[in-house]
Structures are given as C-alpha cells and as structure tokens.
Amino acid sequence: MYFEFSNPGKILSGTYALENIASELKLLNCSRAMVLSDKVLNDIGSVKMLSDALVTGGIKIASIYTDIPADSDILVVNKIANEYRKINADSIIALGGGSVIDTAKGLRMLISQGGNDILSFVGCEVLPKGQSVPLVAIPTTSGTGSEATQIAVIKNNEKHVKMEFVSQFLLPDLAVIDPRFCTSMPKRVTAMTGLDALTHALEAFYCLQKNIISQSYALAAVQLIKDNLINAISNGSDKKVRLNMANASLLAGSAFSNSMVGLVHAIGHSLGGIAKVPHGLAMAILLVPCLRFNLDYCREEYERLFLAFVGAEEYVKVEKSKRAEAFIDAIEDFLSSVSKKADMSLKLSSYNVDPKCFEAVAALSINDGAIIVNPRECSKDEVIEILKQCL
C-alpha cells in the first residue's frame, strides 16, 4: 500500500508555548509579523497577550487585523493581502478558530503565489511552493484542527458555497497549542468544537484514504476526546483538560488532513452554506445517522474504534458480531451526554431548518469533495433521507 503523510513544520504544545514563538520566528528569518485574529479575542485580551509575547521576544508587529467574519470569506482574504503587501510584513500569525486560521492560509496562498484574487487558485493540490511566507497558527478552539491541516475552507458568499483549497503548502510552519487561549470558550462552543474534532478523527479512521499513521493519530484523538470533552464543558478553567482537548484536535486535524473526511462533512458543508447551521453543530447532528449509513462497509474499523472508545473491559463484554453496532450506540450515548451537559439540542428542527431546503442541500452534498472517499456511495435521495432522520 502506498500513502503520503504531511505534518505541520513544528508543534509547540503546553503552557507558555506562546512565549517560544518569537525565537522560532527568528529561526525562520522573520522580524515583522502580521497578526490575524477576531474582535472577540481582541476584546478579551488574547490579542494583547500574544502581542506582548512577540514584542518581548523581539518581533515587531507590522499590523493587527481583527475584522474577520465567523466564516472566512474570499473577499476578506483578498483585502488583507493588499494590506500585507503595503506594510511589508514577512510572516503571518493567526490567533483564533478555524475561520481565522483558514483566512491566514488563504492570505499565505495569495502572497506566496503573487496573486490578487484567491479564486484564481481554486483546485486540489495544484499549487507549487511559491515565495516563502512563514505561517504560525494558534488555535483558540479545540475542534477544527486547522493548525495541522493542508486544507483551507473559505466561503464564497456570493454563491453560498464553502470552497476547499488543498495543498501541502498550506500547512503552518508552527502549530502552537497553549491552553490559556481555550479556557474562555463557552460550554456550547466547547461541545460543538469537541464533537467536530471527534468527527474528524472518526472519518479519518474509516474513510477510503486512511493509512496506518492517520489511523494512529485518529485513535489517540478519539481516546482523548472521550476522556476529556465532558470535563472541559463542566470545568472550562481546567488547563490540563483544555490542553488534552487541544492536542486531540491537532491529532484529529493531522489525521483527516492526510486521509480526508467523508459523508458527515459533505452534508455538513452544505448545511452550513445553505441553512447556516454552524459546522460543529452540523457534525454532531449528522454523525450517528451517517455512521449507520456506512455500517456494513466499515464493520472492522468500527470494531477497532469501539475498543478505543470504551476500553478493553467493556469491549470484551460484547459479542464480536455486535461490536460495530455497539460502537454506534456508544457514540450516540456520548453525544447525548455532551448535548445535555452543554444544553444543546441535536435536532435540526430546534434550529428552524426548513425541510424544504433538503433538496438543495442534498444536491450540493453529492458534489462535495469530501464524499469522494466515503466508504459507501451516497445518492441525492439517500442524503435527503439522512437529513430527515436529523429532524
């Protein structure tokens, strides 16, 4: 079997990882950084904490840009690229969730390729390396894993489509995991991002492009999420639990970046684009129905995941022929516990999603790139049936 596997250049993980960024940037011959973040992180002091650490370490901040929307936007990427060139920056630091980091990846893509419009680079793995533009990714949520992926999801608001860009040159040079940035996440955000990471890990483990390394990363992520997510919701100030969840998100991100994701994400992307369902919530709602849809094509993988999820003692209590089904039941029970702890419904009807949009969501889903590596082919009608189960 042949496979390829790419990781971020370097991972800094743990309390005070932030304070080591400046020295790493100097090794990359950088001295003028452009910082990308969002208004909330700026208001609560996270951007200042980053700025102080950089300046103390001898890195000048050429500009701070915080006007980034909840969904990264192609027009915003183009706008920031113009500013980056004007201020003569030599590196990019992204502090935030998936939208901020994906915006930074899009910015790096434009600058490195000498372009002005990100739409000119649409396509899968077509980019050459281009100009060196060091990128540091500092996640403040524990879900997208964008700090460890070679994927950027950037929204085209005009067409109501989330566009995927894939290239090994989108991988950050530094992935910085510091639990201090995660402790302010509200319960629902903690739940949604954690279940997003869980979905990344599960799909990375059983989808068609899986490999021995991605599966190893995925299993480690599954175990960390199972052991820490509910505690993270209950006690968000616990830095040990937050660090475990952040590391799980990175592991899951690296896993799916190399093995890709499947049906859950294909439908979830479409739900987000058409019905405005937040990505992590869509993952949580769709996960069990899609696991059931793939059951007969993934029995061996589900059995292995069941062992990782419940442990050896519970695993041996279940007959071998029933372990795949038991895995889905265990995931469903876990989702129920998480949703109750976060006071979060896992039904589309709770979020005013009109079933009339299912036709459009299904049409978009079957053309989403993520569906290509799903273990079982899925038709438009089958997507609609899955969506009906989620009401």
Side-chain angles (χ1 to χ4, degrees), residues 13-15 97-98 139-145 177-205 217-253 255-256 264 268 277-292 302 304-315 317-318 323 325-347 350-351 390:
S13 180
T15 304
T140 56
T141 63
S142 302
T144 68
I177 308 300
D178 193 315
R180 288 175 291 177
F181 289 119
C182 301
T183 55
S184 61
M185 271 196 296
K187 289 185 176 182
R188 286 193 182 185
V189 176
T190 299
M192 286 191 287
T193 54
L195 294 177
D196 186 17
L198 178 63
T199 305
H200 289 155
L202 296 181
E203 292 202 295
F205 190 86
Y217 279 40
L219 283 178
V222 166
Q223 291 170 322
L224 281 170
I225 294 166
K226 169 62 163 48
D227 293 342
N228 291 278
L229 179 53
I230 290 177
N231 287 336
I233 297 170
S234 302
N235 185 11
S237 62
D238 188 328
K239 289 182 181 178
K240 180 179 179 181
V241 170
R242 289 295 195 183
L243 180 60
N244 285 338
M245 283 302 303
N247 284 328
S249 177
L250 182 144
L251 286 164
F256 93 80
V264 187
V277 178
H279 180 72
L281 179 61
M283 298 298 96
I285 292 172
L286 290 163
L287 180 55
V288 169
C290 290
L291 286 174
R292 290 201 176 104
Y302 285 9
R304 293 175 63 191
L305 286 165
F306 182 50
L307 174 60
F309 200 74
V310 302
E313 188 174 335
E314 294 300 317
Y315 178 82
K317 293 179 182 178
V318 179
R323 285 172 181 162
E325 288 86 352
F327 164 66
I328 298 176
D329 292 340
I331 292 293
E332 187 168 32
D333 289 344
F334 182 69
L335 292 179
S336 178
S337 297
V338 169
S339 64
K340 287 178 181 177
K341 185 67 68 173
D343 191 24
M344 179 180 74
S345 171
L346 294 182
K347 295 292 184 182
S350 299
Y351 304 97
C390 298

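Residues take their numbers from the sequence shown, with the count starting at 1.
No side-chain donor-acceptor contact under 3.5 Å links His279 to the backbone of Gly268. Arg180 contributes no side-chain N or O that, together with a main-chain N or O of Thr15, makes up a donor-acceptor pair within less than 3.5 Å. Of the possible donor and acceptor atoms, none in the side chain of Thr183 sits under 3.5 Å from a partner among the backbone N and O of Ser237. Using modelled atom types, one side-chain atom of Thr199 and one backbone atom of Leu195 make a donor-acceptor pair closer than 3.5 Å. At distances below 3.5 Å, not a single donor-acceptor pair connects side-chain atoms of Arg323 with backbone N or O atoms of Tyr302.
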Could you walk me through whether Thr190 and Thr141 pass the side-chain contact (heavy atoms from CB on, under 4.5 Å) check?
CA-CA 7 Å; Thr190 299; Thr141 63; over 6 Å; no

Audit row: Ser345, Ser350, side-chain hydrogen bond (donor to acceptor under 3.5 Å, both in side chains) steps and yes/no:
CA-CA 7 Å; Ser345 171; Ser350 299; 2.7 Å; yes

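Below 30°, between 30° and 60°, or above 60°: for Phe309 and Phe327 the angle between ring planes is above 60°, a perpendicular geometry. Between Phe306 and Tyr315, the ring-plane angle classifies as tilted under the 30° and 60° cut-offs.
Separating the CG atom in Leu346 from the CG atom in Leu286 is a distance of 10.5 Å, to the nearest 0.5 Å. With values rounded to the nearest 0.5 angstrom, Lys240 atom NZ is found 12.5 Å from Asn235 atom CG. Distance CZ/Phe256 to CG/Leu202: 13.0 Å, rounded to 0.5 Å. Summarising the geometry, atom CD belonging to Glu325 is positioned 6.5 Å from atom CD1 belonging to Ile328; distances are rounded to the nearest 0.5 Å. Put simply, CE on Met245 and CD1 on Ile225 are 5.0 Å apart, with the number rounded to the nearest 0.5 Å. Taking NZ of Lys226 as the start and CD1 of Ile331 as the end, the distance is 9.0 Å to the nearest 0.5 Å.
At a threshold of 4.5 Å between non-hydrogen side-chain atoms, the residues Val288 and Leu335 count as touching. Within the 4.5 Å cutoff, the side chain of Met185 has heavy atoms near those of the Ser142 side chain. Residues Ser13 and Leu250 form no side-chain contact, since every pair of their non-hydrogen atoms from C-beta on lies 4.5 Å or further apart. Side chains of Arg292 and Glu332 form a contact here, defined as non-hydrogen atoms less than 4.5 Å apart. The side-chain heavy atoms of Leu305 and Leu219, taken from C-beta on, include a pair separated by under 4.5 Å.
In terms of heavy-atom proximity, Leu229 sits nearest to Val338 at CD2-CG2, 3.9 Å. Heavy-atom minimum distance, Ala218 versus Ala204: CB-CB, 4.4 Å. The heavy-atom pair separating Asn244 from Leu224 by the smallest distance is O-CD1, 3.9 Å. When all heavy atoms of Ala255 and Tyr217 are compared, the pair lying nearest together is CB-CB, 3.9 Å. Contact detail for Ala312 and Leu307: the closest heavy-atom pair is CA-CD1, 3.7 Å. Summarising the geometry of Arg188 relative to Asp343, their closest heavy-atom pair is NH2-O, 2.6 Å, with the distance given to 0.1 Å.
The local environment of NZ in Lys341 is sparse, with at most 12 non-hydrogen atoms from other residues, nucleotides or ligands closer than 6.0 Å.
In this structure, Phe205 has no ring pair (Phe, Tyr, Trp, His ring centres under 6.0 Å) partners at least two apart in sequence or on a different chain.
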